[in-house]
Engineer: 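Here it is, the structure, as structure tokens.
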Amino acid sequence: MDKLIKLVEDIAKLWANYGGLDGQYLMGIRRTLILAVAATLIGCLIGLLCGILNTIPYSKQDPPVKRFFLKLIRVVIRIYVEVFRGTPMILQAVFIFYGIPYFTDTQVFQGNSGMWLAALLVVSINTGAYMAESVRGGIISIDPGQTEGAKAIGMTHVQTMTNVILPQALRNIIPQIGNNFIINVKDTSVMFVIGFVEFFGAHRNIVGVNLLYFPSAAIEMIGYLTMTLIASFLLRLLEKKMDGDDNYELAQADQLVMAAGTYSHPRNPEKALEHSLIKDEDRERVRQEQKQGRTRGER
């Protein structure tokens with residue numbers, strides 16, 4: 001119990017010294033979130049491009065040049081994916097940050113801006129490698145019959161992808177995008193190897209001054225857990241928003257009511273009432289027309 005009290009006191013001491021608005025802990029959290037969000041967005045764009053290029057169809061009837069370039073593109077994407085998925089991000093950071101100047105004999109990444117550029121490049125490329133396979137899986141998971149139907153009505157491959165396949169595929173890969181963002185929040189901690197001071201880098205600097213390693217690590221654990229839990233909650237809200245309403249009740253109590261467009265909205269009673277009033281007017285008009293028709297027939 002005494003050790004627990006001592007731990008709380010040490011955590012409070014560290015937070016009082018380094019946890020203010022301009023403190024190193026919150027500065028590290030801001031850097032971590034900015035890097036994770038930006039790298040995830042760029043990585044998604046890279047993965048989307050790779051996934052689309054990797055699923056362009058070709059057949060033996062296509063020109064040899066087209067088949068050659070499509071095969072070459074798939075080989076390049078496969079090498080890129082396997083290399084960046086099969087190696088640790090910390091080594092990728094070392095190879096990019098130190099390797100490019102080594103081969104070019106120029107200091108590409110200089111100062112704080114160079115550090116940001118290197119960190120963003122590493123995390124984005126790594127994320128893109130994972131997203132490339134996620135996008136490819138999302139595209140091929142769509143029923144092939146939808147592609148055939150789109151082609152049957154004259155759509156090109158680009159039109160089919162943009163209007164039919166990608167909207168559904170993107171919905172399917174939203175959870176994976178969220179997973180990659182949460183992974184990036186944690187994996188940015190390896191950027192200390194190139195001198196980038198984010199949340200974990202702030203922890204290393206503070207420990208070097210105070211030698212309170214475990215209390216500072218406890219603050220780090222709580223901080224990372226808080227960021228990932230909030231991200232998970234927001235992503236679930238996004239998925240729920242994209243799913244739309246859970247169900248619709250078919251409002252068809254009259255034979256004159258058409259099935260299309262006559263669903264009562266369970267979460268918007270005003271909209272349901274509006275549709276109901278419109279349908280009442282339509283039913284009354286149809287009854288009047290039928291009554292007039294019978295009267296003319298009797299005459």
Side-chain angles (χ1 to χ4, degrees), residues 40-78 80-81 128-180 235 237-268 271-272 274-276 278-279 281-283 285-286 289:
T40 302
L41 292 176
I42 297 174
C44 287
L45 293 177
I46 296 173
L48 183 63
L49 179 61
C50 292
I52 291 174
L53 291 176
N54 209 15
T55 54
I56 296 177
Y58 65 88
S59 62
K60 294 182 178 179
Q61 289 74 29
D62 292 327
V65 176
K66 178 182 177 181
R67 284 183 288 153
F68 170 78
F69 276 106
L70 288 178
K71 289 181 180 180
L72 179 62
I73 288 173
R74 294 189 179 186
V75 170
V76 172
I77 292 175
R78 175 53 55 187
Y80 158 64
V81 169
Y130 285 92
M131 285 306 305
E133 287 298 285
S134 298
V135 173
R136 186 180 70 87
I139 291 175
I140 64 178
S141 68
I142 305 302
D143 186 1
Q146 298 195 32
T147 302
E148 296 172 0
K151 291 181 178 179
I153 62 175
M155 282 189 175
T156 64
H157 177 70
V158 175
Q159 291 174 329
T160 302
M161 289 297 294
T162 56
N163 298 308
V164 179
I165 304 301
L166 282 182
Q168 302 176 72
L170 289 176
R171 172 60 189 88
N172 293 338
I173 64 176
I174 283 292
Q176 187 59 36
I177 294 175
N179 288 338
N180 282 327
L235 288 167
L237 286 182
L238 176 61
E239 291 178 25
K240 190 174 182 180
K241 184 71 175 177
M242 294 185 69
D243 285 339
D245 294 298
D246 297 332
N247 57 71
Y248 289 85
E249 298 175 0
L250 184 62
Q252 189 173 356
D254 196 304
Q255 294 296 328
L256 297 176
V257 179
M258 299 175 61
T262 59
Y263 294 91
S264 62
H265 199 293
R267 296 183 183 176
N268 196 337
K271 186 178 292 185
E274 178 183 348
H275 287 298
S276 177
I278 294 173
K279 293 305 173 184
E281 295 177 0
D282 292 340
R283 286 197 295 271
R285 187 181 69 254
V286 172
E289 291 176 354

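Throughout, numbering of the chain's residues begins at 1 and tracks the sequence.
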Engineer: To the closest 0.5 Å, what do you measure between OG1 (T40) and CG (L45)?
Structural biologist: 11.0 Å
Engineer: Out of curiosity, I177 CD1 to N172 CG, how far, rounded to the nearest 0.5 Å?
Structural biologist: 11.0 Å
Engineer: Please list all pairs meeting salt bridge (Lys or Arg N to Asp or Glu O under 4.0 Å) that have one or both residues in residues 158-173, counting only residues at least two apart or in different chains.
Structural biologist: R171-D243
Engineer: Show me, pair by pair, the donor-acceptor contacts under 3.5 angstrom made by side chains of residues 46-60, not counting sequence neighbours?
Structural biologist:
unit_1	atom_1	unit_2	atom_2	d
T55	OG1	G51	O	3.0
T55	OG1	I52	O	3.1
S59	OG	Q61	OE1	3.2

Engineer: CD1/I139 to CG/L170 distance, rounded to the nearest 0.5 angstrom?
Structural biologist: 8.5 Å
Engineer: Could you tell me which residues satisfy side chain to side chain contact (heavy atoms under 4.5 Å, CB included) with V158, sequence neighbours excluded, listed by chain and number?
Structural biologist: T156, T162
Engineer: Minimum heavy-atom separation for V164 and A150, please, with both atom names.
Structural biologist: CG2-CB, 4.3 Å
Engineer: Measuring from T160:OG1 to I142:CD1, what's the distance to the nearest 0.5 Å?
Structural biologist: 13.0 Å
Engineer: Is there any side chain to side chain donor-acceptor pair (under 3.5 Å) pair reaching into residues 137-155, and which pairs are they, with sequence neighbours excluded?
Structural biologist: Q146-Q168
Engineer: Identify each donor-acceptor pair in which a side-chain atom of residues 128-135 lies under 3.5 Å from a protein atom, sequence neighbours left out, and give them as a table.
Structural biologist:
unit_1	atom_1	unit_2	atom_2	d
E133	OE1	R136	NH2	3.1
E133	OE2	R136	NE	3.4
S134	OG	Y130	O	3.2

Engineer: Of all heavy-atom pairs between D62 and R67, which one has the smallest distance, and what is that distance?
Structural biologist: O-NE, 3.2 Å
